[in-house]
Amino acid sequence: TGLVRPDSGDVTIFGNKLKKSFVKSIYNLGILLETPGFYNHITAYENLKLFTRLKNVKKSEIISSLKQVGLLDQAKRKVKEYSSGMKRRLGLANALLGYTKILILDDPTNSLDPKGAKDILDIMRVLSKREKISVVISSNLLHDIEAICDRVLLIDRGRMIFCESVNELIKPNENAFNIKVMPTKNALHFLKHIDGIKKIDLIGSDYIKVVLSNYSSSELIRLLIENGYDIFEITPVRRTLQDLFLELKG
């Protein structure tokens, strides 16, 4: 975005280098910082009207951007009456003014209540899929990143430690399962003596985590049922972004 001068290297956006052609480079960028700044004593529409003058775009785009973020019916309310989530959505509307092809967001759901955070995530999904806008999110909330992003880049102290598709990252472990089985402790003791199980742990009071070696999940289920155990649930163990980050950082 040009807000921080790089120590080395350069940024290229649509063929334009940020250092040499700053205005051309950011022409298609929409930027939302964590805390968007607005004039509280005037309406949302009037705030965006000021920004259209700064961005040199048509006022007709105000209606379009407010509609995209679901604030069109609240456009005439003063910003001081807005909730934190509504202000964040208004910040998104401002970022969408103009010729936005890349949307850069800084902690877009931070400090929002669950509904406000969900609203922001839903809007980003729509902008990406329907409007074909590339959304780049900077956040420490790895759960949100995991829920919405196609690709993830993990950085630790300025060093890239991982860059991959999210689906590939969190796909289930083919050999690890959480099983809700009764009676749990008896089943735990029984499975510890099975050669086809590599590792076994008690999770909570009624779940067992097993890592299989020579058994398939269907064979394991059959074995437990044949020996009189009741199975209520079996789910593959998925690795989360947080698991990966701590693993790579360690």
Side-chain angles (χ1 to χ4, degrees), residues 1-39 44-45 47-71 87-110 120-142 144-169 241:
T1 64
L3 291 176
V4 177
R5 186 181 297 276
D7 299 311
S8 62
D10 203 349
V11 177
T12 303
I13 307 171
F14 294 118
N16 298 300
K17 290 189 177 295
L18 195 66
K19 285 182 179 178
K20 294 182 179 179
S21 307
F22 178 76
V23 175
K24 286 184 179 180
S25 296
I26 66 167
Y27 183 74
N28 295 117
L29 292 188
I31 302 164
L32 173 60
L33 301 179
E34 183 179 352
T35 306
F38 294 104
Y39 294 105
Y45 181 88
N47 267 282
L48 294 189
K49 189 176 176 182
L50 291 173
F51 283 108
T52 58
R53 294 172 61 188
L54 290 171
K55 293 185 175 185
N56 195 27
V57 296
K58 297 178 181 178
K59 293 178 184 177
S60 58
E61 293 195 28
I62 297 175
I63 301 300
S64 175
S65 62
L66 285 169
K67 188 175 181 179
Q68 283 178 300
V69 301
L71 285 178
K87 287 179 181 178
R88 202 70 59 85
R89 282 193 277 163
L90 184 59
L92 269 177
N94 178 39
L96 291 169
L97 289 174
Y99 307 95
T100 302
K101 293 182 181 178
I102 301 176
L103 192 59
I104 298 179
L105 310 175
D106 176 30
D107 278 323
T109 59
N110 193 29
I120 293 294
L121 293 176
D122 288 343
I123 291 169
M124 286 191 284
R125 286 191 183 96
V126 171
L127 292 173
S128 174
K129 289 180 168 52
R130 187 192 301 168
E131 306 296 334
K132 305 302 180 185
I133 294 174
S134 296
V135 183
V136 180
I137 305 170
S138 170
S139 178
N140 291 316
L141 302 177
L142 298 184
D144 286 351
I145 299 298
E146 186 176 308
I148 195 172
C149 291
D150 300 309
R151 293 181 63 81
V152 62
L153 166 66
L154 295 178
I155 299 175
D156 181 37
R157 299 180 185 180
R159 180 175 61 91
M160 184 182 77
I161 59 174
F162 184 85
C163 184
E164 189 55 82
S165 73
V166 172
N167 286 338
E168 185 65 25
L169 160 69
L241 268 181

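Below, each value reflects all heavy atoms present in this structure, side chains not excepted, and no hydrogens, waters or symmetry copies.
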To check you understand the geometry: which heavy-atom pair defines the closest contact between [X] and [Y], and what is its length?
X    : Y    : value
P6   : K19  : CG-CE, 4.0 Å
I137 : M124 : CD1-SD, 3.8 Å
A44  : L90  : CB-CD1, 3.8 Å
R88  : T109 : NH1-N, 3.8 Å
P108 : S138 : CD-O, 4.4 Å

Answer yes or no: is there a side-chain heavy-atom contact under 4.5 Å between [X] and [Y]?
X    : Y   : answer
S65  : L48 : yes
I120 : R89 : yes
L33  : L3  : yes

Flag, side chain of S25 to backbone of K17, donor-acceptor distance under 3.5 Å: yes
Side-chain donor/acceptor of E61 to backbone N/O of L97, under 3.5 Å: no
Full working for side chain to side chain contact (heavy atoms under 4.5 Å, CB included) between N16 and Y27: CA-CA 10 Å; N16 298 300; Y27 183 74; over 6 Å; no
S139: partners by side-chain hydrogen bond (donor to acceptor under 3.5 Å, both in side chains), with sequence neighbours left out: D107
By side-chain hydrogen bond (donor to acceptor under 3.5 Å, both in side chains) - contacts of N28 (at least two apart): none
Using 0.5 Å steps for rounding, measure from the [atom1] atom of [X] to the [atom2] atom of [Y].
X    : Y    : atom1 : atom2 : value
I26  : F14  : CD1   : CZ    : 13.5 Å
I104 : I102 : CD1   : CD1   : 6.5 Å
L71  : I123 : CG    : CD1   : 7.0 Å
Y45  : I62  : OH    : CD1   : 4.5 Å
L92  : Q68  : CG    : CD    : 9.5 Å
I133 : T100 : CD1   : OG1   : 6.0 Å

Enclosure of D10 CG (heavy-atom neighbours >12, cutoff 6.0 Å): yes
Within 6.0 angstrom of K55 NZ, more than 12 heavy atoms from elsewhere: yes
